[in-house]
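Each remark here refers to the structure printed beneath this line.
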Amino acid sequence: MRYSNFFIPTVKNAPNDAEIISHKLMIRAGMIKQSSAGIYSWLPLGLRVLKKIEQIVREEQDKAGANELLMPTIQSADLWIKSGRYNDYGKEMLRITDRGGREMLYGPTNEELVTDIFQSYVKSYKDLPLNLYHIQWKFRDEVRPRFGVMRGREFLMKDNYSFDLNEEEAKKSYNKMFKSYIKTFLRMGLTPISLRAETGPIGGSLSHEFQILAKTGESKLYYDKELENVDPENIDTKELQTYYAAVDDQHDEKKCPIKKENLKISKGIEVGHIFYFGTKYSEKLEAYVQDAKGKNIPVHMGSYGIGISRLVGAVIEAYHDDKGIKWPLSVAPFSLSIINLMPDDHDCDTKSEEYYEFFMNKNIEVILDDRNCSIGKKLSDNDLIGIPFQLIVGKRDLNEGFIEFKNRLNDQNTKIPLDKVKEHLLLELNK
RNA sequence: CGGGGAGUAGCGCAGCCUGGUAGCGCACCUGGUUUGGGACCAGGGGGUCGAAGGUUCGAAUCCUUUCUCCCCGACCA
């Protein structure tokens, strides 16, 4: 991608609407544009990150044996009336009437629809366990949307639903997802903290929420420091679930079960939530299967959410400095930026193009900053949009046989001899 | 939904108190000079001041209504 051909409307001053850092940076970096309260357009740069995060979630879901499908955003009220939630959901649900006067709604979640799909096709215990997920836009008419995409009214969420024969099996599914969530967030460079949670309006008996650590996070967390040291190759969910973790208002210093030296206090952002709720919906929506004895029994269900659009903001909250965003490589919109400091200079152009071709051919996501603007603007834009690796191609260094390499994550600059550049970059990119 | 704040050029703001027909910085356009950290000089374009109504000879400015957006709280991925 050539920067000159890519739509990244960066701005110096964020609009006054933006309060928190990720919101400001997303606007300044040209990632999103607010359309109305809690509703955003995703501009090309923001969309790339959104898709990166979505893809990591998808891959981990698939690895955990979940099946991707896609359910509609607009749902008929019928199923919701049947489940009893049409009234319960209140004003948060956006209700619409179609031309025939039928009551419709913009889905805030999908238990009803997915259970309906399930019960249409699955009749035997032999088809269990089953886990279905989709990644779809939701709408919840929040009383007060805020913090940019972190709490929009319209948001992209991965939600999945597990179906099992009994509680024991359902808890296996639950733990599978638990593990998958930890892996998912670790892949994004985040530190997930799992907390036992209230089950809330979705109901049920078992629930965990997943927060990620960020200095600017919304909630204050108290947790066992062991939760920070998870080995992604060897995740023991049972062990993880035994560690202490609590949010601010649940934490009581006197009753805290762990030693003070093991207790860590930090701020977090909720990015995922999982529930086991038994047969609550399967009974109402008649999702029964026959067991081995031919008896009809309601399936045991769980539901699992990850706020994908929220994660874009959450990653920024965890990774930024006063100059801008510092994307972890796994979610970065581009891995490498080649900054041609002096377009129209023969040497700068030749070298920039050479690297650009080279890395593109290696399937590296690379953006070539070939814009005809001042050096300061280029460098600060690249810092702002936070591409992890930058190659700064300038006449001064070129004459001395160097290219400057910048690692945005630690802000280290190194001068690399021309004949070592490709090798060095490939090494960094594969770390 | 309770409390608070803000709408003036794409963005950030001044002007409002004390009414006289709109200004600054950035961005944008043209020409030139620059080129290792948000360049410089010169010229230029762009706003019926959120909307409606009222007071007045005259309203961005005063009054009323209304819409939108933001912040704090209660609630959530």
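All chains are named by letter (A, B, ...) in the order of the sequence lines, taking the proteins before the strands, and each is independently numbered beginning at 1.
Among the protein residues, A:Arg28 comes within range of the nucleic acid bases, having at least one heavy atom under 4.0 Å from a base atom. Here A:Gly305 lies out of heavy-atom contact (under 4.0 Å) with every strand. Within 4.0 Å of A:Asp383, counting heavy atoms only, lies at least one base atom of the nucleic acid. Across all strands, A:Ala14 comes closer than 4.0 Å only to sugar-phosphate atoms, never to a base (heavy-atom distances).
Rounded to an integer number of Å, the gap from A:Asp17 CG to B:C11 C1' is 11 Å. Atom CZ of A:Arg146 and atom P of B:C76 are 12 Å apart (whole Å). Look at CZ on A:Arg140: it is 10 Å from P on B:C76, rounded to the nearest Å. Computed from coordinates, the A:Asn372 CG to B:U30 P distance equals 13 Å when rounded to whole Å. One can place CD1 of A:Ile27 at 10 Å from P of B:C70, the figure rounded to the nearest angstrom. Taking atom NZ of residue A:Lys12 and atom P of nucleotide B:C13, one finds them 16 Å apart after rounding to whole Å.
For B:A39, one of the phosphate oxygens OP1 or OP2 lies less than 4.0 angstrom from a side-chain nitrogen or oxygen of A:Ser374. The shortest distance between the side-chain N/O atoms of A:Gln34 and the OP1/OP2 oxygens of B:C70 is below 4.0 Å. Taking only side-chain nitrogens and oxygens, A:Lys91 comes nearer than 4.0 Å to OP1 or OP2 of B:C1. For A:Asn16 and B:A6, the shortest distance from a side-chain N or O to OP1 or OP2 is not below 4.0 Å. Distances shown here put every side-chain N or O of A:Arg144 at or beyond 4.0 Å from the OP1 or OP2 atom of B:C1.
Of all nucleotides listed (B:C69, B:G12, B:C71), B:G12 comes nearest to the side chain of A:Pro15. Set against B:G25, B:C71, B:A77, the side chain of A:Asn13 has B:G25 as its closest nucleotide. When each of B:C1, B:G37, B:G38 is scored by its nearest atom to the side-chain atoms of A:Val143, the top-ranked nucleotide is B:C1. Among the nucleotides B:C13, B:A74, B:A77, the one closest to the side chain of A:Phe275 is B:A77.
Under the side chain to side chain contact (heavy atoms under 4.5 Å, CB included) criterion, A:Ile39 pairs with A:Ser35, A:Ser36, A:Phe139, A:Arg153, A:Glu154, sequence neighbours left out.
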Distance-only criterion, 3.5 Å: show the donor-acceptor pairs between side-chain atoms of residues 3-14 of chain A and protein atoms not counting sequence neighbours.
| residue | atom | partner | partner atom | Å |
| --- | --- | --- | --- | --- |
| A:Ser4 | OG | A:Asp370 | OD1 | 3.0 |
| A:Ser4 | OG | A:Asp370 | OD2 | 2.8 |
| A:Thr10 | OG1 | A:Asp381 | OD1 | 3.1 |

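B:G46 and B:G32: their C1' atoms are spaced 24 Å apart (whole Å).
More than 12 non-hydrogen atoms from other residues, nucleotides or ligands lie less than 6.0 angstrom from NZ of A:Lys415.
On a pure distance criterion of 3.5 Å, a polar donor-acceptor pair joins the side chain of A:Arg151 and the base of B:C75.
Screening A:Asn382, A:Asn413, A:Asp383 against A:Gln390 for a side chain to side chain donor-acceptor pair (under 3.5 Å) leaves a single residue, A:Asp383. Here the rule is side chain to side chain contact (heavy atoms under 4.5 Å, CB included) with A:Leu341, and of A:Ile392, A:Asp397, A:Leu398 only A:Ile392 fits it.
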